[in-house]
Amino acid sequence: MKKAILLTSLFAFMATAGFAQNEAKLTQVNKEMKSCKEFVDKSTLSVKPRRSRATGVYYDIQSGVWRAGMDKEGKSYSATFLVYPPFWSPYFYNRCGSNNVSWTINDKDATQYMEAETGDYDFGSLDKNCYNAETGSISYYYLPKISAGRETYSLYEVDNDGKANANSVGLVTVSSDGWDLSYTPTDYSVTGGFYARGIVDPASASDPNNESYIFGTGTVTLRDGSKYTSVGLAQVFPAPVSPFTCNEIDLKATSYSVPLAEGKSLTMEIRNVVTEDGEKTFGDEVYETLVCTSEDVSLAWEFSGGTKCYNINFHKKEVDDFGIETDVPFILDKEFAILILGVDGEGVDVGFIGASLNVDEADIEPTIPLISDGTSVGSFAYSIDLVTVCGFYGYQDACDVPTVLYGSDDTEFNYCNALRVSADGQTAVNNLYPEDFAEWIYIKIARDFVDENDMPNYSFLAPEWVNGISYSPLSSSDEDGMYVVTFTCDPLPEGVTGRMAEVYVVGSGVQSADPIVLLQGDATYDPAGVSTVTAQKASNSKVFTISGQLASKNYKGIVIKDGKKFMNK
């Protein structure tokens, strides 16, 4: 109930609208909308800080970490997850002003990951074993808790009123195929149509509960009584901590009639971000254009008051070689803004769900409501920062070529990523450790080499003289995602005594930081010094894709432990 008061009191603080005077007319707004946000001074507003933050005891996470709080059907998780990419080490930054702190996880001591000089906390390496694709089960860890003296702090342990919230448990897990991720506050426990109340008066006359939309179709009545048409909304997002392959973007929406009549659609533009007057807003460069048609709308749930909530799904659509329009994925790898346009169109009656912005979500910008007076487009400022409930569906990929591995006796094998190929190109051995590694180079990938349709998930960038790749998974490994690969090459050309290549593993939006080094003939590899030949890189390369697992030779297996340990079979 108190949350509802926060939103319904919104209009008491609403500022007079300000419009950027551009030349775009209302009929041109979908194509030529410019950045137009104007702000008011909020310094006079009373915002109650969290208890722990008021005393300076808190910590931050990396900007761009994705969150999961609500699934595609609109059901709340019992906890909010911080979702990290595979092979990524979650890091939590101590903000207590002192390194004299302690860390716990689920009330168990976890100071072994703490950096003594700063008090920062490295959660250690998480891997894709956190997610079991066959069972759908998720392995996760509680977020750490930081303590300084008598004060303690953990993300999501309290709500905006400083009270403990049992529905806001914080957990950390690893990104994988099928995760439904969202940049939204953590409290989804409020029901009864609360999220339908807010800024925009609905266009439809039927409003028995006297409720209004957060953002969407309708008009905005300002404090001075003036009314403006709502034409869309915009929101800025930080760059993902690792490139995100997005299949669709979903928003939760309400409607007093039908969100989209048959044949009608909404447009979403993914744009660049600019800073104006110290505030981030959308720019003019359009990265991607997505569409939501009436066929992309489905019922999610129904509020107790009878108001319905819908999934509004946006997809990037392309026409294939057969003339069939299909949905295609796209990569989110930089800071971006989304603009939803067309809410004022004929046959559209939609109000997007929003929620008050949690103080922990400092890297999330509040939603920008876009309104028009018929000749120009602008935005108003409001006292309570709100964000749309926006879900991103896809996965974060990863691929790695280890350059150092360790034996079970802690023997260090440096530069183990180099393979020496015979002059005829048909046999290979590990350059420095042929007895330990045989003919293999070790790589680590977040997904299988090929998907269920036998289509490649990964490729190799290699020079033209590389003609074959074989691979095999380490089925005996305790760590999923480890593979061994070997190569065959063309014979050395006449008159050439040696050559060298750097082969990179490429996934969806990612490329291995280190290469697989191929040496043929008398070429040598000394990464700390100068090699005898210049490596051939991607500029003169071809792309190898793997379609189906190749028959591999028997190999001397290695078991990986904790991301770096191995021992002979």
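Everything quoted here is computed from the prediction, not taken from an experiment. Heavy-atom basis, side chains included; hydrogens, waters and symmetry copies ignored.
- Aromatic pair Phe123/Tyr84: ring centres not closer than 6.0 Å.
- Distance alone, capped at 3.5 Å, is enough to place a donor-acceptor pair between the Asn94 side chain and the Cys96 backbone.
- The shortest distance between side-chain heavy atoms of Leu251 and Phe215 does not fall below 4.5 Å.
- Ser372 contributes a side-chain N or O that, together with a main-chain N or O of Ser376, makes up a donor-acceptor pair within less than 3.5 Å.
- Here the two rings, on Phe244 and Trp66, have centers that are under 6.0 Å apart.
- Looking at heavy atoms from C-beta onward, Cys292 lies in side-chain contact with Val297 at the 4.5 angstrom threshold.
- Formation of a donor-acceptor pair under 3.5 Å by the Ser147 side chain with backbone atoms of Thr152 is not found in this model.
- When each of Asn457, Thr245, Asp397 is checked for a side-chain hydrogen bond (donor to acceptor under 3.5 Å, both in side chains) with Ser508, only Thr245 meets the rule.
- With sequence neighbours excluded, no residue satisfies salt bridge (Lys or Arg N to Asp or Glu O under 4.0 Å) with Lys264.
- There is a side-chain donor-acceptor pair under 3.5 Å between Asp296 and Thr293.
- In the displayed structure, Lys317 atom NZ is contacted under 6.0 Å by more than 12 heavy atoms of other residues, nucleotides or ligands.
- Leu82 places none of its side-chain heavy atoms less than 4.5 Å from the side chain of Pro90.
- The shortest side-chain heavy-atom distance between Thr118 and Asn99 does not fall under the 4.5 Å cut-off.
- Annotation: side chain of Pro369 is not in contact with side chain of Val220 (no heavy-atom distance under 4.5 Å).
- Atom CG of residue Leu233 and atom CG of residue Leu339 lie 8.0 Å apart, to the nearest 0.5 angstrom.
- Summarising the geometry, atom OG1 belonging to Thr217 is positioned 7.5 Å from atom CG belonging to Leu266; distances are rounded to the nearest 0.5 Å.
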Q: Would you please test Thr367 and Phe352 for side-chain contact (heavy atoms from CB on, under 4.5 Å) and show each step?
A: CA-CA 11 Å; Thr367 299; Phe352 294 103; over 6 Å; no
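- Side chains of Asp120 and Tyr93 form a contact here, defined as non-hydrogen atoms less than 4.5 Å apart.
- Side chain of Ser294 to main chain of Leu260: no donor-acceptor pair is present (N/O by atom type, distance under 3.5 Å, no hydrogens or angles).
- Counting only distance, with no hydrogens or angles, the side chain of Asp320 and the backbone of Phe322 share a donor-acceptor pair below 3.5 Å.
- The ring-ring contact (aromatic ring centres under 6.0 Å, His included) test with Tyr59 is passed by exactly one of Phe92, Tyr121, Tyr91: Phe92.
- Judged by distance alone, the side chains of Tyr395 and Arg447 do bring a donor and an acceptor atom under 3.5 Å apart.
- Taking 4.5 Å as the limit, some side-chain heavy atom of Leu332 sits within range of a side-chain heavy atom of Ile270.
- Between the side chains of Thr388 and Gln235, at least one donor N or O sits under 3.5 Å from an acceptor N or O.
- Between Glu288 and the options Lys334, Lys316, Arg271, a salt bridge (Lys or Arg N to Asp or Glu O under 4.0 Å) holds for only Lys316.
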